[in-house]
Amino acid sequence: MSLSIFNARLLDPATGLDAPGAIFIDKGKIKDVAKGQSGPHADAKETLDAGGLCLAPGLIDLRVKTGEPGDEQKETLATASRAAVAGGVTSFVVMPDTRPTVDDVALVRFIRERARETAKARIYPSGALTVGLGGEFMAEIGLMADAGAIAFTNGDMPVANASIMKRAMVYAASRGALVMSRPDDRALSGSGVMNAGAFAARFGLSGIPAEAEWIGAARDVMLAETTGCRLLLDQVSTARTLEIVAEARARGAKVHATVAAHTLFFNERDVGDYLTYCKVNPPFRDEDTRQGLIAALKRGEIDAVVSAHDPQPPEEKRLPFGEAAFGAAGLETTLAALMSFVNDADLPLLDALAPVTCRPADLLGLPQGRLKSGTPADLILFDPGKPWLCEREHLRSRSTNSPFDGRRLQGRVMRTLVGGETVFDFAPAS
């Protein structure tokens with residue numbers, strides 16, 4: 001069915017469009033973007049009055065964990081996609097660190113087929129960079145790429161052996177494949193559980209120093225320069241790491257970086273009284289470091305903002321801080337986190353949307369992420385200033401370990417469409 005959405009504020013970071021208008025959808029794709037048009041398209045079989053809401057491309061998330069296969073009690077592809085579309089995420093990359101690890105063709109195909117059968121959002125599998133994420137033997141990158149793996153990563157475990165990492169990058173470069181790498185030197189980060197510094201010392205907790213990230217990033221960037229590999233540094237937590245990326249890019253390296261939305265929003269003091277929902281890796285850094293990342297976001301130096309969605313059940317979070325699992329649910333709060341900088345830090349709305357729409361789409365070579373004729377009609381209608389209270393019992397993820405629990409946020413998705421079909425429609429509680 002054809003659909004015209006009118007009376008909307010059209011937002012397209014890819015072209016800089018910010019104007020009232022209407023969009024015509026036909027057969028699951030955008031057929032026309034009518035800037036300045038006040039009414040619906042005459043030939044549309046169905047119409048939708050947006051009521052002045054913002055109409056933007058659906059969000060694209062480059063880092064989502066589920067428990068499927070093996071740990072479905074944490075999250076399934078179906079429950080993750082349910083949370084995703086409620087947060088405006090219409091496409092996401094699922095990480096390979098499941099049980100068993102997604103390190104062969106059969107499991108890549110399983111993820112793709114299972115997603116097609118059960119998910120509301122578009123799900124793209126990533127493949128393991130090394131067998132079992134063990135860091136000792138390169139996985140079947142070429143075969144997994146042929147089966148549909150969109151990127152390759154060792155998940156939360158950096159590849160310690162530089163020779164193995166270089167070999168994997170050489171092969172990935174020959175296939176034009178994207179390698180995602182967590183910048184970390186485990187000899188330095190060790191058994192740390194929060195940001196290293198005076199605050200951790202007062203809490204009696206072991207710290208994760210920022211230099212562990214810098215050293216890991218410097219190594220992987222140099223290997224990417226040497227091999228010509230496309231490298232995405234995953235969940236950068238300091239502005240200095242972004243400087244390493246910028247310097248390498250200036251020399252012609254194909255290097256990019258992501259930052260987790262919660263890293264931009266919280267600092268180390270939010271750990272408070274040993275709040276395990278705020279235990280993530282990389283950890284929340286000090287306030288000066290957080291402000292440095294926000295400044296980088298405003299300068300457009302962050303290629304993608306990710307949810308870093310890592311659901312953990314209560315039995316793995318309700319433990320002493322040092323023993324609790326790392327991870328936070330984030331699919332439903334990414335947009336609101338970004339809207340906080342629009343409302344409070346003078347970040348232009350298009351600049352807030354770019355790292356979750358057109359930039360990740362370009363990194364992955366996807367057609368969505370923009371308002372353009374002929375592209376998939378993956379869209380969101382949202383109110384950037386609508387206040388709401390994040391309460392974990394109302395989150396749609398199977399595990400609700402959110403550091404935003406109890407926070408008053410702004411920015412609410414009102415409707416989500418994938419392929420022109422409504423997959424989420426906000427209905428406030430009566």
Peer 1: Indicate the ring-plane relationship of Phe284 and Phe266, choosing parallel, tilted or perpendicular according to the 30° and 60° boundaries.
Peer 2: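 Parallel.
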Peer 1: Determine the sole option in Arg82, Arg396, Arg392, Arg412 for which the salt bridge (charged side-chain N to carboxylate O under 4.0 Å, His left out) test with Glu332 is passed.
Peer 2: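 Result: among Arg82, Arg396, Arg392, Arg412, Arg396 is the only option passing the salt bridge (charged side-chain N to carboxylate O under 4.0 Å, His left out) with Glu332.
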Peer 1: Please walk me through it: do Ser402 and Asp405 pass side-chain hydrogen bond (donor to acceptor under 3.5 Å, both in side chains)?
Peer 2: CA-CA 5 Å; Ser402 173; Asp405 181 39; over 6 Å; no
Peer 1: So, Thr79 and Glu75: side-chain donor and acceptor under 3.5 Å apart, yes or no?
Peer 2: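 Glu75 and Thr79 do have a side-chain donor-acceptor pair below 3.5 Å.
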Peer 1: Looking at Ala328, is its backbone amide N or carbonyl O close enough to the side chain of Asp310 to form a donor-acceptor pair, meaning the two atoms are under 3.5 Å apart?
Peer 2: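 Here the side-chain-to-backbone pair does not exist.
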Peer 1: Any side-chain donor-acceptor pair under 3.5 Å between Ser91 and Gln368?
Peer 2: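 There is such a pair between these side chains.
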Peer 1: Between Ser126 and Ala151, is there a donor-acceptor pair closer than 3.5 Å when you use the side chain of the first and the backbone of the second?
Peer 2: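 Side chain of Ser126 to backbone of Ala151, a donor-acceptor pair under 3.5 Å: no, none is there.
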Peer 1: Would you indicate whether Lys317, at its atom NZ, is surrounded by more than 12 heavy atoms from other residues, nucleotides or ligands within a distance under 6.0 Å?
Peer 2: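 It does: Lys317 NZ has more than 12 such atoms within range.
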Peer 1: Would you please name every residue forming a side-chain hydrogen bond (donor to acceptor under 3.5 Å, both in side chains) with Ser189, sequence neighbours left out?
Peer 2: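 side-chain hydrogen bond (donor to acceptor under 3.5 Å, both in side chains) check on Ser189 returns Asp184.
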Peer 1: Begin with the C-alpha distance, continue with both residues' side-chain angles, and end with the deciding distance and a verdict on salt bridge (Lys or Arg N to Asp or Glu O under 4.0 Å) for Asp18 and Arg9.
Peer 2: CA-CA 7 Å; Asp18 183 351; Arg9 178 185 176 185; 2.9 Å; yes
Peer 1: Is it true that Glu213 and Thr241 share a donor-acceptor pair across their side chains at a distance under 3.5 Å?
Peer 2: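 Distance-only check passes for Thr241 and Glu213.
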Peer 1: What donor-acceptor contacts under 3.5 angstrom involve side-chain atoms of residues 204-212, with partners at least two apart or in another chain?
Peer 2:
residue : atom : partner : partner atom : Å
Ser206  : OG   : Ser191  : O            : 3.0

Peer 1: Side chains of Thr422 and Asp425: is there a donor and an acceptor less than 3.5 Å apart?
Peer 2: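 Not at all, the side chains of Thr422 and Asp425 share no donor-acceptor pair under 3.5 Å.
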Peer 1: For the CZ atom of Arg116 and the CG atom of Leu77, what is their distance to the nearest 0.5 Å?
Peer 2: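 Answer for the CZ-CG pair, Arg116 versus Leu77, is 12.0 Å.
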Peer 1: Would you say the side-chain atoms of Asn267 and Glu287 include a donor-acceptor pair closer than 3.5 Å?
Peer 2: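 Checked: Asn267/Glu287 side chains pair up, N/O donor to acceptor below 3.5 Å.
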Peer 1: Is there side-chain contact between Leu178 and Leu364, with heavy atoms separated by less than 4.5 Å?
Peer 2: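 In contact.
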Peer 1: Can you confirm whether Arg251 is buried at CZ, in the sense that more than 12 heavy atoms of other residues, nucleotides or ligands lie under 6.0 Å from that atom?
Peer 2: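 Counting neighbours around CZ of Arg251, more than 12 heavy atoms of other residues, nucleotides or ligands fall under 6.0 Å, so yes.
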Peer 1: Hey, does Thr130 have a side-chain heavy atom less than 4.5 Å from the side chain of Glu136?
Peer 2: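 No, too far: nothing below the 4.5 Å cut-off.
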Peer 1: Holding to salt bridge (charged side-chain N to carboxylate O under 4.0 Å, His left out), I want the full list of residues that pass it with Arg112, two or more places apart in sequence or in another chain.
Peer 2: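 Scan of Arg112 (salt bridge (charged side-chain N to carboxylate O under 4.0 Å, His left out), adjacent residues dropped) gives none.
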Peer 1: Would you say the rings of Tyr124 and Phe92 are close, in the sense that their centroids are separated by under 6.0 Å?
Peer 2: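 For Phe92 and Tyr124, the ring centres are not under 6.0 Å apart.
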Peer 1: Any ion pair linking Asp220 and Lys166 (charged N to carboxylate O, less than 4.0 Å)?
Peer 2: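 Not counted as a salt bridge, because no side-chain N and carboxylate O are separated by less than 4.0 Å.
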Peer 1: For a salt bridge (charged side-chain N to carboxylate O under 4.0 Å, His left out) with Asp270, tell me which candidate from Lys279, Arg285, Arg290, Arg407 qualifies.
Peer 2: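 It is Arg407, the one option of Lys279, Arg285, Arg290, Arg407 that forms the salt bridge (charged side-chain N to carboxylate O under 4.0 Å, His left out) with Asp270.
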